[in-house]
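Residues: numbered from 1 along the sequence shown.
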Amino acid sequence: MKHIKVLISGASIAGPALALWLRRCGHDVTIVEKAPVLRPGGQAVDFKGAAHLTVLERMGILEEVRRRQTGGTDVDIVDANGRRVAVIPGEFTGGDVEIRRGDLSALLYERTAADCEYVFGDSITSLTETPDGVHVTFERGAPRVFDLVVGADGIHSNVRRLAFGPESRYVRYLGYHYALAELDLDLGFGGGGVMYNEPGRAVSIGGPAASAFFVFASEQIDYDRYDIEQQKRILVDAYRDAHWKLPEIIARVPYARDLYLDSISRVEIDHYAKGRVVLLGDAACGNTLAGFGTGLAVVGAYVLAGELMAAGGDHRAAFRKYEEAFRGYAVKVTKNGNAGAFLAPITRRRIRMRNRMFQHRFLLRMMLKLTDRFATDIELEDYPYPVPR
């Protein structure tokens, strides 16, 4: 098979997952990440169904993921007086196996760092395709040439912007924002999770996620994604005049040790590849916060690397087969997903309807079957990857 040099932008989940497969095939892999270090903690992510678990097993990390798993935790939905009105069971939130995003990212880094080049604190500034490769310039590092470039850098993908065009063409806002905040809180909930709703607003405290998880409906907000203080102010403003324990919680936001705010949006793009550049994970499929993003990332990485191997390194054939094999699955999973409307319904009536689903086992089982069907609706090719040494 032709030996190729691949640059991956993004060191969260999709990028290192792809790097694991590419190195197994003997390729040269460089991963560039804008952040200075891996991001620790974060919300819990989960894997559902045979397709996800099969890929983790073939990667050789399933048992380690299970060892580090958080375990699905029940979440009590409470009213403004703190009375429990419904319970979100751990099997709904945690899938078959659940792990904090930061722990999964660290695990993938551990499995690839010795064989791949990681460059932290840098970012791509230009991509110029030539007949023999892609000439890449960086904010800090010297220019380099790669055979292929992979955008695995999230819904706000820098690679997608440089290769395909501005974000506004491809990212559709779905009416909600979410935030994760590490707060110093002791609200007496023990180890379980608690969620509270008001129309268009939700907060979840405790459990395996970051110490506070917020979802709120709003007009699209223009802000600096690297300005944490601005994001704190946006979050405080979104929860003004709230009830229950929210005044106490929001009062801690300005002192948050870590905070991440983003929109709930969907990527809508006609093709995942352009020339020698290809998109993977949220950069290609979007982030609807519906619980499938991490599964899509690892399955997509498996398919992309497998098709490159099957095509003998012919990127045109590989990218075409990758899209044929994966796109239908990704579209089915994401086209109707919008966790914002589910987590933070915009009326009290819709909140009651959502709670009613968790109060009736039949409705809950139907929802679980539906999500399982989406998660497993792909026939995985058994690519003949070399056995890891």
Side-chain angles (χ1 to χ4, degrees), residues 41-46 69-95 98-103 176-217 232 235-236 238-261 264 289-291 339-361 363-364 367-368 371:
Q43 79 271 34
V45 297
D46 60 88
Q69 69 179 318
T70 59
T73 303
D74 290 352
V75 176
D76 290 340
I77 303 175
V78 300
D79 63 17
N81 295 313
R83 293 184 299 240
R84 185 173 66 187
V85 296
V87 177
I88 306 176
E91 63 183 312
F92 183 84
T93 60
E98 182 183 74
I99 183 172
R100 290 190 74 168
R101 175 174 287 277
D103 291 342
Y176 288 84
H177 287 76
Y178 72 99
L180 292 155
E182 294 284 356
L183 306 179
D184 292 318
L185 288 170
D186 184 7
L187 301 178
F189 297 138
V194 177
M195 186 169 83
Y196 169 72
N197 279 106
E198 293 177 357
R201 297 191 286 200
V203 62
S204 181
I205 303 292
S211 59
F213 174 57
F214 304 86
V215 179
F216 59 94
K232 290 177 180 179
L235 186 57
V236 169
Y239 283 81
R240 290 194 186 281
D241 304 318
H243 299 89
W244 186 57
K245 295 181 181 289
L246 269 165
E248 182 180 351
I249 295 168
I250 290 298
R252 303 305 307 165
V253 167
Y255 310 101
R257 299 188 304 274
D258 188 29
L259 186 141
Y260 178 80
L261 177 97
I264 299 179
L289 214 67
F342 182 80
L343 294 171
I346 59 174
T347 67
R348 295 193 182 280
R349 179 175 177 272
R350 292 186 182 183
I351 292 172
R352 290 193 298 270
M353 290 174 63
R354 190 275 316 275
N355 292 347
R356 196 168 297 131
M357 186 194 75
F358 293 113
Q359 294 164 349
H360 292 82
R361 296 298 299 178
L363 294 177
L364 178 60
M367 178 64 78
L368 287 169
T371 58

Heavy atoms, side chains only, cut-off 4.5 Å: are T347 and P199 in contact?
no
Nearest-0.5 Å distance that lies between atom CZ in R83 and atom CD1 in I77:
15.0 Å
If you apply the rule side chain to side chain donor-acceptor pair (under 3.5 Å), what do you find for R348 with N197, and how did you get there?
CA-CA 9 Å; R348 295 193 182 280; N197 279 106; over 6 Å; no
Gap separating the CG atom of L235 from the NE2 atom of H177, nearest 0.5 angstrom
11.0 Å
Could you tell me which non-hydrogen atom of D79 sits nearest to which non-hydrogen atom of W244, and how far apart they are?
O-CD1, 3.6 Å
Check whether more than 12 heavy atoms from other residues, nucleotides or ligands sit under 6.0 Å from atom CG of D241, and answer yes or no.
no
Could you check whether any side-chain heavy atom of L259 comes within less than 4.5 Å of a side-chain heavy atom of V253, counting everything from C-beta outward?
yes
Please check if the distance between the ring centroids of Y178 and F214 is under 6.0 Å.
no
Option passing side-chain contact (heavy atoms from CB on, under 4.5 Å) with Y196 (candidates R201, K245, H243)
H243
Distance col, row L183:CG vs I250:CD1, nearest 0.5 angstrom, shows 8.0 Å
Side chains of F342 and M357, heavy atoms from C-beta outward: is any pair under 4.5 Å?
yes
Between CZ on residue R100 and OG1 on residue T70, distance to nearest 0.5 Å
8.5 Å
Are P247 and Y239 side-chain neighbours, meaning at least one heavy-atom pair lies under 4.5 Å?
no
